[in-house]
Amino acid sequence: MRARLLISSAVEAELRRLGVEPPAGGVRLERPANPDHGDWSTNVALACAKAARRAPMELASQLATALSSTPPAHVRAVEALRPGFVNFRLSPSWLWEVLPAVVADREESYARLDLGRGERVQIEFVSANPTGPLHVGNGWWGAYGDSLARVMERCGYETTREYYVNDTGGQIRRLGESVLARRRGEPVPEEGYQGAYVRELALEYDGTEDATPAGRFAAERILENIKATLASLGIVYDSWYSQASIEETGKVGETISLLAAAGLVEEREGATWLLSTKLGDTRDRVLVKSNGDATYLAGDLAYHRDKFLVRGFDRVIDVFGADHHGQVASLVAGVSALGVDPGRLEVKLGQMVSLVEGGTTGKMSKRSGNFVALDELIADIGPDATRLLSLISGIDQATTLDLDLVRRQSMENPVYYVQYAHARIASIGRVATERGVVRVPLDQADLSTLVHPRELELLRLLDSLPDALADACTTRSPSRITSWVRDLAGAFHGFYHDCSVLGPDISDDLSQARMWLVEASRVGFAIGLELLGVNAPEAM
RNA sequence: GCCCCCGUAGCUCAACGGACAGAGCAACGGACUUCUAAUCCGCAGGUUGCAGGUUCGAUUCCUGCCGGGGGCGCCA
C-alpha cells in the first residue's frame, strides 16, 4: 500500500515537471495480469496523451527515463512499453513491509476503511412474506444483504439490517383460510397455501373460525422459523419492521396527503391514483382502491417515508427478488414525490436461483408448496457451504444450483478448499506448540528470507485486500471478497506444499519468517471469512 | 409490445475500459517415510451469442438483432 502511494506521487510529480497535468483522481497504479509487466503499472501516459498533445509512447518513455534515474523506494526498474504503459519492477522489500502492517493491525484493524464516513445506511433484505418457509433464493439474497452490510460496516458505514414483515393484508387472510380449511379437514382454497406446514399449524391452532386471527397466528409461527433459519446462516437483523404498524396507524393517510399536497394524486374511477407518470414511471398507480383499502404501494411509500424522513437514514438499499422488479419504478417515483433525492435509494434486484435435482429443474412456488426449502439445503450441505455458494456470483447473475453435485461435499463445493487452508494454518500452530517452537517478536524476525514466489504471492494478495474490500463496497458486490478469499486459499495451499515452515531442513530464520507469514495469512482469512459470514475451522 | 438482468472453456462462474480473457469442477498424466493429499504440479480446453459504433485499446461503454430468465394487477 505504502510503496504504491510513493510511486504514484512520484509519477505525478514527474508529470508536472514534464508540463502535463495529471488526471483529476491522481495517478492510478494497477497490478498487471502478466507478471512480465512488472509489479505495478500505470496507464497515465495513454490517458493524458491527448489532452497534453503528446505521443503516448514518447511520454511514457520520458517518464520511465526520469523515474529510473531517481527511483522511488523499492523500485528496481521502470520501463515504458508498447502503447504507452509505464511498468515498475520492485524489489521484494516492498512486500516485506506488508507483513508487519497486517499482523500489527490484526483482523480488527487491517483493511478497515473509511469510505462511508459514518453515513447511516439501512439495508433491507429478504423480507419474505411470513406465509411459508424461506426458499433457497431467500437464502441467496439474504447472504448477499448480510455480507454487504458487513462489507459496508468495515468501510465506515453505519449499517442497519432490516426485515420488513408483511404481517397484514390479503395474504395473511388467505393463510388463515388455509389453516382453517385444514383444521376442518377440507382441501385448502384455490388461492390458499398448500404446503405441509399449513397442516401442522392447523393442528396447533385452537382459535376461532375467523381467518384474520388464524392467519396472524400462523404468520407469527412461520416468522419464528424464518428467524431461526436466517440465524443459522449467521444473519441477524437489527430490526423486524411490521407492515401492520405502518398500515394500521395513520402513516399511510399522512403519506397520501403529502403526495396530494405535491399535486401528484388524482381521484379516478372511484380510486385514488399516484400520478407517477410525471416522475418517470411507465404508468400511474393506484394508492387507494375503490373499496377503500390502501394498496401495497401506498404502504410501501409510507414505509419508505418512515425510513428516510422519520428515521433519517442517509441511504437505503433494498434487496428484492427480480420478480419484484415491477414495483421499482413506482417506488422510486413515489420516493422522489415525497421530496427525497432518489439517489439515496438503491434497489438491488437479486436474479432468480433455480435448482436442478436428478436432472430436472424445479420451479419454486410457495402457494403450490412445491419448492426447496432453505432449511433443507442447509441441512444437506451446512450453513457455511450455503453462504459461500451464494456469494460466489454477483447478485445480477441468475444461478443454477445442482443439488446432487453440491450434496456430495465434493470439490464442487469451494467452501472446503478455503476452510481447509485455514485448518492447515491452525495445524501448523498446533505442531509448533507440540515441538516447543515459539515465534520470536516480529521485529526480530528476518523477513528478507521470504523470497520464494509462493511467499511473495501470499504477501501480494494480503496487500490487495484493502483494494478488494473497497471495490466490494463501492460496487455493492460482496462476491469480490469471495474471489479474494479463494485466491488467498489457492496461494496458501501452494505455499504449504512448497514451503515447509517447521521442517528439519529449514533454517531458524526462515522458519520464524514463515511463521509470521502464516500468521498474516490467518489474519487475511479471518477478515475475509468474517465478511462472508463463513466459519474458519481450526481442524477438518 | 414495453421494462430489468444475463449470454465468456464440456459444467459452474471470474475478470477498476488495459497488455496474451482467468479459476474451480469434470477428462487425461504425474507427486504422499514430511506442518492434514479435502492438497500440489502438468496437459488440454475460447471467433467472450451476432453485426456495427465510440476509443490508442472493448468481455466491459453505445445502437440494433438473436437467445435465455424475470416483470408489466384496484395481488402482496
Side-chain angles (χ1 to χ4, degrees), chain A residues 28 30 32-34 36-37 41 43 45-47 49-50 55-57 81-85 87 129 131 166 168-172 174 191 243 268-273 282-283 285-291 293-297 299-300 321-329 347 349-352 354 389 392-402 405-406 409-417 419-421 423-432 434-435 437 467 470-471 474-475 479-480 482-483 486-487 490 492-494 496-506 514 518 539-540:
Chain A
R28 299 183 62 176
E30 51 190 54
N34 184 345
D36 289 346
H37 294 144
S41 163
N43 64 353
L46 288 157
K50 191 168 245 176
M57 193 56 205
L81 215 65
R82 274 177 258 158
F85 290 102
N87 297 335
N129 291 347
T131 52
N166 283 242
T168 181
Q171 90 271 346
I172 293 294
R174 272 197 294 276
E191 291 278 286
Q243 184 177 353
R268 205 188 293 161
E269 299 154 26
T272 305
W273 292 73
T282 50
R283 50 183 289 272
R285 311 278 171 171
V286 174
L287 291 170
V288 182
K289 305 180 212 171
S290 48
N291 69 4
D293 290 346
T295 59
Y296 179 83
L297 172 64
D300 211 20
D323 53 342
H324 288 74
H325 160 249
Q327 72 196 56
V328 175
V347 180
L349 293 175
Q351 296 302 310
M352 306 311 268
S354 53
L389 280 175
I392 284 179
S393 43
I395 189 87
D396 285 339
Q397 185 72 243
T399 43
T400 307
L401 184 63
D402 189 324
L405 284 177
V406 159
Q409 302 209 348
S410 68
M411 305 319 297
E412 284 292 325
N413 204 324
V415 74
Y416 304 105
Y417 186 79
Q419 291 187 321
Y420 186 51
R424 281 180 144 177
I425 288 177
S427 169
I428 292 172
R430 281 192 297 272
V431 172
E434 274 169 32
R435 297 187 188 171
V437 181
D467 291 336
D471 203 28
T474 54
T475 62
S479 61
R480 305 284 170 104
T482 316
S483 299
R486 294 175 77 186
D487 285 348
F492 190 82
H493 284 307
Y496 186 93
H497 186 267
D498 288 350
C499 302
S500 175
V501 177
L502 302 168
D505 303 332
I506 308 300
R514 283 180 174 170
V518 169
M540 287 176 73

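Every value quoted in this text rests on a predicted model; they were computed, and no experiment measured them. Chain A is the first sequence line, chain B the second, and so forth, proteins listed ahead of strands; every chain is numbered from 1. These numbers come from the heavy atoms of this one structure, side chains and all, not from hydrogens, waters or symmetry mates.
Taking atom C1' in both rU12(B) and rG17(B), one finds a spacing of 27 Å when rounded to whole Å. With P as the reference atom, rA21(B) and rC25(B) are 22 Å apart, rounded to whole Å. Going from the C1' atom of rG10(B) to that of rA26(B) covers 8 Å, rounded to whole Å. Atom name P, nucleotides rG24(B) and rG57(B): the rounded distance is 33 Å, in whole Å. Using atom C1' as the reference point in both rA9(B) and rG52(B), the two lie 27 Å apart (nearest Å). Across the P atoms, rA14(B) and rC75(B) are found 38 Å apart, a figure rounded to whole Å. Here, rG18(B) and rU60(B) have their C1' atoms 11 Å apart, quoted to the whole Å. Rounded to whole Å, the P atom of rU39(B) lies 14 Å from the corresponding atom of rA27(B).
Taking the side chain as every heavy atom from C-beta outward, Arg514(A) and Cys499(A) approach each other to under 4.5 Å. Counting only heavy atoms from C-beta outward, the side chains of Leu297(A) and Val286(A) never approach each other to under 4.5 Å.
Residue Ala329(A) is classed as having no contact, given no heavy-atom separation below 4.0 Å to the nucleic acid. Among the atoms of the strands shown, only primed sugar atoms or phosphate atoms (P, OP1, OP2) are found under 4.0 Å from some heavy atom of Gly394(A). Base engagement by Ala423(A) is indicated by at least one non-hydrogen atom pair under 4.0 Å involving a base atom. Backbone-only contact: His493(A) has heavy atoms under 4.0 Å from sugar-phosphate atoms and none from a base. Using a 4.0 Å heavy-atom criterion, one finds that Thr272(A) contacts no nucleic acid atom at all. Here Asp36(A) lies in heavy-atom contact (under 4.0 Å) with a base.
Atom CG in Asp323(A) sits about 13 Å away from atom C1' in rC72(B), given to the nearest Å. Remark: C1' of rG73(B) and CD of Glu269(A) are 14 Å apart, rounded to the nearest angstrom. Arg514(A) places its CZ atom 12 Å from the C1' atom of rC35(B), with the value rounded to the nearest Å. Rounding to whole angstrom units, NE2 of residue His324(A) and C1' of rC75(B) are separated by 10 Å. Atom OH of Tyr416(A) is separated from atom P of rC25(B) by 15 Å (rounded to the nearest Å). Rounded to an integer number of Å, the gap from Arg28(A) CZ to rA19(B) P is 15 Å. Rounding to whole angstrom units, CE of residue Met352(A) and P of rG70(B) are separated by 7 Å. Atom CZ of Phe85(A) and atom P of rG17(B) are 14 Å apart (whole Å).
Picking from rC74(B), rC35(B), rA76(B) the nucleotide with the shortest atom distance to the side chain of Arg283(A) gives rC74(B). The listed nucleotides are rC75(B), rC20(B), rG24(B); the one nearest the side chain of Asn34(A) is rC20(B). Taking every side-chain heavy atom of Gln243(A) into account, rA76(B) is the closest of rG24(B), rA76(B), rC35(B). Residue Ala271(A) has its side chain nearest to rC74(B) when only rA19(B), rC74(B), rA76(B) are considered. Side-chain atoms of Val286(A) lie closest to rC74(B) of the nucleotides rC74(B), rC35(B), rA31(B). Distance from the side chain of Ser393(A) is smallest for rC13(B) among the nucleotides rC35(B), rC13(B), rC40(B). The side chain of Lys289(A) lies closest to rC75(B), out of rC35(B), rC20(B), rC75(B).
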Detail all sub-3.5 Å separations between protein N/O atoms and N/O atoms belonging to nucleotides 2-5 of chain B.
| unit_1 | atom_1 | unit_2 | atom_2 | d |
| --- | --- | --- | --- | --- |
| rC4(B) | O4' | His325(A) | NE2 | 3.1 |
| rC5(B) | O2' | Asp396(A) | O | 2.6 |

Hey, what are the protein-to-nucleotides 53-61 of chain B N/O distances that come in under 3.5 Å?
| unit_1 | atom_1 | unit_2 | atom_2 | d |
| --- | --- | --- | --- | --- |
| rC56(B) | OP1 | Lys50(A) | NZ | 2.9 |

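For a distance-only test at 3.5 Å, the side chain of Ser483(A) fails to qualify as a donor-acceptor partner of the base of rA23(B).
We find that the ring of Tyr417(A) and the base of rG24(B) do not stack by the test of centres under 5.5 angstrom and planes tilted less than 30°.
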* Could you go step by step and tell me if Ile428(A) and Tyr496(A) meet the side-chain contact (heavy atoms from CB on, under 4.5 Å) rule? -> CA-CA 10 Å; Ile428(A) 292 172; Tyr496(A) 186 93; 3.9 Å; yes
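Residue Arg424(A) has no polar side-chain atom (N or O) positioned under 4.0 Å from OP1 or OP2 of rA38(B).
Partner of Leu349(A) under the side-chain contact (heavy atoms from CB on, under 4.5 Å) criterion, out of Val328(A), Ile395(A), Asp323(A): Val328(A) alone.
Nearest heavy-atom pair across Pro56(A) and Ala45(A) is O-CB, 3.6 Å. When all heavy atoms are compared, the tightest approach of Ala271(A) to Ser290(A) is CB-N, 4.0 Å.
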* Under a cut-off of 3.5 Å for both distances of each Watson-Crick or G-U pair, what dot-bracket string does RNA chain B give, using [ ] for crossing pairs and | for inter-strand pairs? -> (((((((..((((....[...))))..((((.......))))......(((((..]....))))))))))))....
